[in-house]
Enquirer: 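Structure below; questions to follow.
In this text the structure is predicted, and so the values were computed from the model without any measurement.
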Number of protein chains: 2
Amino acid sequence: MKPATTLRPERERCADCLIRHRAVCSHCGPAELEFLDAIKSYRTFKPGEEITAMGQETDFLGSVVNGVVSLSRILADGRRQMVGLLFPSDFIGRPMRAQAPFDAIAVTDVKLCIFSRPRFEALLRDTPSLESRLLEMTLDELDAARDWMVLLGRKTAREKMASFFLLVARRLAAVARAELRDGVELELPLTREDMADFLGLTIETVSRQISALRKAGAIELTDARHMRIPDIAALAEIAGDDDDGGMID
Amino acid sequence: MKPATTLRPERERCADCLIRHRAVCSHCGPAELEFLDAIKSYRTFKPGEEITAMGQETDFLGSVVNGVVSLSRILADGRRQMVGLLFPSDFIGRPMRAQAPFDAIAVTDVKLCIFSRPRFEALLRDTPSLESRLLEMTLDELDAARDWMVLLGRKTAREKMASFFLLVARRLAAVARAELRDGVELELPLTREDMADFLGLTIETVSRQISALRKAGAIELTDARHMRIPDIAALAEIAGDDDDGGMID
DNA sequence: CCCGGCAGTTGACCTAGGTCAATGACCGAT
DNA sequence: ATCGGTCATTGACCTAGGTCAACTGCCGGG
């Protein structure tokens, strides 16, 4: 839906295949597919495993194939704030910049599709549309980060929780290529502690607000990790967005 | 300091001239300069004047020449959160996306250097290095936004104030191409209300924390808008960053 | 010169959410 | 089966910062 870029139409569309890991690439020819296979590799991480550490040089970039990755920063005294949450198809790592500006940690079992940094940079030179696509994705991330700033700075604990559930529901629906509808069931990928760090709260407050939302009928819990949203619009109402949509990458 | 991009070296360096408004462009030839003059125009805004409104289509992009611009979002019930603060040389507007995701408001007298959207998009097609530079700037903004998320989610009111003063001091020093040193005097571009909205606080808390920092000797005030930082390191200590640097564009 | 309005400060009070602590549920290891 | 650990929930309490209100100083207009 956006203006197409210029050169190499035959490789152009692969930007998405590359950086969002659309593994099945129906519009690329055999030569392209072979090329992609040659430069991709995969790596898996266990829950809690560190993918990159703040300030450390990372020698790869890639995209999430399975699982959820948290991005967080820690203050000197141990206070932690999550600054992003990556779902399948999200990009990880920064072009042109080796040093990681935060910790990236696998919150579930994670599979990444990886390019070595030199290889990715070569790709960037050879594939003009890739840079354009990266720019667009980075702009989306920036929007998401700014939405989250509103949440962190101005929302109540209850609104934060509701926003978070909607965020997860939306992202998981997108991953499953399913529509988000009333009654969705979803598995929360984060522990209470991770949620607290994402929302700028404590685990006790997270726990209390979940109980309160459950009592109010806004959510239903089967166990601590599995929930159902009976009425999306009602929850969005509680989340308190004017337009709606607390997105974060 | 970053890997150079490919085509058109003779126009390449002008990416900075264009999007960061380095008006004096010593490395461009007369043809380039004439070209730039032909497509630039300027617009000024009074304090409080709206530059773009959330959800509204904007027909221009550009960069700040003078003054300070706030980017903010407002919740349905009027709660406001500032999500960015633009100083001279910062870029405003989003390539490939006409709809503004927040309000942009002049907080001081502001002069913008402006390109019409179609013109900018033509420029983007013709100048490969421009996209690369935009990507880099967007990544910087994303970093800054994430730093601010840490502040909003995890810092105390006092830490927030100290971080804010350092942010302003750094940005103003950069604009003046001056080094940031102990004893800097600076004019606060924001009202107490704007600061509160930037930091996720109320004006009363902002006022109280300023008084407290003054009493503690961390800052000195001549009047409500003019201050001096006697000891940068001491203030940074109060700001509570591990590494430091709460940057936001 | 006076008056009204706005920005800022300060005080008194209140409350959302943090802190601390006890308890329960659910492991996986012995 | 038992133990130790992690995760979650809940209660009792406390405090940082929000709310409400009074007051000041400043500026611009009549």
Side-chain angles (χ1 to χ4, degrees), chain A residues 46-49 70 75 77-81 105 107-109 151-165 187-216 219-227 238 240, chain B residues 46-48 70 75 77-81 105 107-108 151-165 187-216 219-227 238 240:
Chain A
K46 292 269 134 218
E49 204 176 334
S70 73
L75 295 176
D77 59 3
R79 282 173 289 174
R80 193 170 86 112
Q81 176 64 50
I105 297 172
V107 300
T108 62
D109 276 301
L151 175 141
L152 291 172
R154 290 301 185 201
K155 288 194 179 178
T156 64
R158 161 172 297 220
E159 290 170 330
K160 286 178 176 182
M161 285 312 310
S163 301
F164 171 74
F165 291 142
E187 182 176 349
L188 295 174
L190 303 188
T191 64
R192 299 294 187 264
E193 183 172 10
D194 285 336
M195 292 185 219
D197 287 340
F198 195 30
L199 298 168
L201 298 172
T202 59
I203 56 173
E204 293 94 332
T205 299
V206 167
S207 193
R208 273 188 258 270
Q209 292 301 332
I210 289 178
S211 298
L213 287 173
R214 187 166 47 69
K215 272 171 205 143
I219 59 172
E220 292 161 19
L221 288 192
T222 56
D223 64 65
R225 293 298 262 270
H226 292 84
M227 57 175 289
I238 295 172
Chain B
K46 292 268 136 220
S70 74
L75 295 176
D77 59 3
R79 282 174 289 176
R80 192 170 88 111
Q81 175 64 49
I105 297 173
V107 300
T108 62
L151 175 141
L152 291 171
R154 291 301 186 200
K155 288 194 179 178
T156 64
R158 159 172 298 220
E159 290 169 329
K160 285 178 176 182
M161 286 311 310
S163 302
F164 171 73
F165 291 143
E187 181 176 349
L188 295 173
L190 304 189
T191 64
R192 300 293 187 262
E193 183 172 10
D194 284 337
M195 292 185 219
D197 286 341
F198 195 31
L199 297 168
L201 298 171
T202 60
I203 56 173
E204 293 94 332
T205 299
V206 166
S207 192
R208 274 188 257 270
Q209 292 300 331
I210 289 178
S211 299
L213 286 173
R214 188 167 46 68
K215 272 172 205 144
I219 59 173
E220 292 160 20
L221 288 192
T222 57
D223 65 63
R225 293 298 262 271
H226 293 84
M227 57 177 287
I238 294 172

Enquirer: Atom CG of Leu221(B) and atom C1' of dA7(C): how far apart are they, to the nearest Å?
Expert: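 Whole-Å distance recorded here is 14 Å.
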
Enquirer: Distance check needed: dA16(D) P versus Leu201(A) CG, whole Å only.
Expert: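 The answer, rounded to whole Å, is 18 Å.
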
Enquirer: With heavy atoms under 4.0 Å as the rule, sort Ser207(A) into base, sugar-phosphate or nothing.
Expert: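 Base contact - Ser207(A) has a heavy atom under 4.0 Å of at least one base atom.
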
Enquirer: How do Thr156(B) and Leu190(A) order along DNA chain D: which one's closest nucleotide is nearer the 5' end?
Expert: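 The answer here is Leu190(A).
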
Enquirer: Need one value for Ile210(A): base, sugar-phosphate or nothing, where a base atom within 4.0 Å counts as base even if backbone is also close, heavy atoms only.
Expert: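 No contact.
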
Enquirer: Is there a side-chain contact between Arg79(A) and Thr156(B) in this structure, where contact means two heavy atoms from C-beta onward sitting under 4.5 Å apart?
Expert: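 Of all side-chain heavy-atom pairs linking Thr156(B) with Arg79(A), at least one is under 4.5 Å.
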
Enquirer: Given atom CG of Leu213(A) and atom C1' of dG17(C), what is their separation to the nearest angstrom?
Expert: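 Computing the Leu213(A):CG to dG17(C):C1' distance gives 15 Å.
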
Enquirer: Kindly point out which of dT10(D), dT10(C), dG18(D) is positioned nearest to the side chain of Ser211(A)?
Expert: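 Minimum distance to the Ser211(A) side chain belongs to dT10(D).
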
Enquirer: Calculate the interatomic distance between Glu193(A) atom CD and dT9(D) atom C1'; express it in whole Å.
Expert: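 Atom CD in Glu193(A) sits about 15 Å away from atom C1' in dT9(D).
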
Enquirer: Of all the choices, dG17(C), dA8(D), dG17(D), which nucleotide is nearest to the side chain of Ala224(A) once you look at every atom?
Expert: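 The answer is dA8(D).
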
Enquirer: Would you indicate whether the side-chain heavy atoms of Lys160(B) and Phe164(B) approach each other to under 4.5 Å?
Expert: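 No, side chains not in contact.
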
Enquirer: Could you tell me whether the side chain of Arg80(B) and the main chain of Leu75(B) form a donor-acceptor pair under 3.5 Å?
Expert: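 A pair under 3.5 Å: no.
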
Enquirer: With a 3.5 Å cut-off and heavy atoms only, can you find an N or O donor on one side and an acceptor on the other between the side chain of Glu204(B) and the base of dC20(D)?
Expert: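 For Glu204(B), whose side chain was compared with the base of dC20(D), there is a donor-acceptor pair (under 3.5 Å).
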
Enquirer: Nearest of dA8(D), dG18(C), dG18(D) to any side-chain atom of Thr205(B)?
Expert: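 Among the listed nucleotides, the one closest to the side chain of Thr205(B) is dG18(D).
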
Enquirer: Would you kindly give the NZ-to-C1' distance between Lys160(A) and dG17(C), to the nearest whole Å?
Expert: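 Roughly 9 Å, once rounded to whole Å.
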
Enquirer: Would you mind classifying the nucleic acid contact of Gly200(A) as base, sugar-phosphate or nothing, using non-hydrogen atoms under 4.0 angstrom?
Expert: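 Sugar-phosphate contact only.
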
Enquirer: Using the side-chain heavy atoms of Arg208(B), tell me which of these nucleotides is nearest: dT19(C), dG8(C), dT10(C).
Expert: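 Nearest to the side-chain atoms of Arg208(B), counting from C-beta on, is dT10(C).
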
Enquirer: In this structure, how many angstroms lie between the C1' atom of dG18(C) and the CZ atom of Arg154(B), rounded?
Expert: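 In whole Å, dG18(C) C1' lies 10 Å from Arg154(B) CZ.
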
Enquirer: Taking only the side-chain heavy atoms of Arg192(B) (C-beta and beyond), determine which of dG18(C), dG8(C), dA8(D) contains the nearest atom.
Expert: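 Among dG18(C), dG8(C), dA8(D), the one nearest the side chain of Arg192(B) is dG8(C).
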
Enquirer: Determine whether any donor atom in the side chain of Arg158(B) lies under 3.5 Å from an acceptor atom in the base of dG17(D), or the reverse, and answer yes or no.
Expert: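 When only heavy-atom distances are counted, Arg158(B) does not reach the base of dG17(D) through any donor-acceptor pair under 3.5 Å.
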
Enquirer: Check for a donor-acceptor pair, side chain of Ser163(A) on one end and backbone N or O of Glu159(A) on the other, with a separation under 3.5 Å.
Expert: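 Checked: pair present.
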
Enquirer: Counting neighbours of CD on Glu220(B) that are heavy atoms of other residues, nucleotides or ligands and sit closer than 6.0 Å, is the number greater than 12?
Expert: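 Check passes, neighbour count above 12.
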
Enquirer: CD1 of Ile203(B) versus P of dC6(C): gap in Å, rounded?
Expert: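 Spelled out: CD1 on Ile203(B) to P on dC6(C) is 13 Å.
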
Enquirer: Once you round it to whole Å, what is the distance between P of dA8(D) and CE of Met227(A)?
Expert: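 That distance rounds to 14 Å.
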
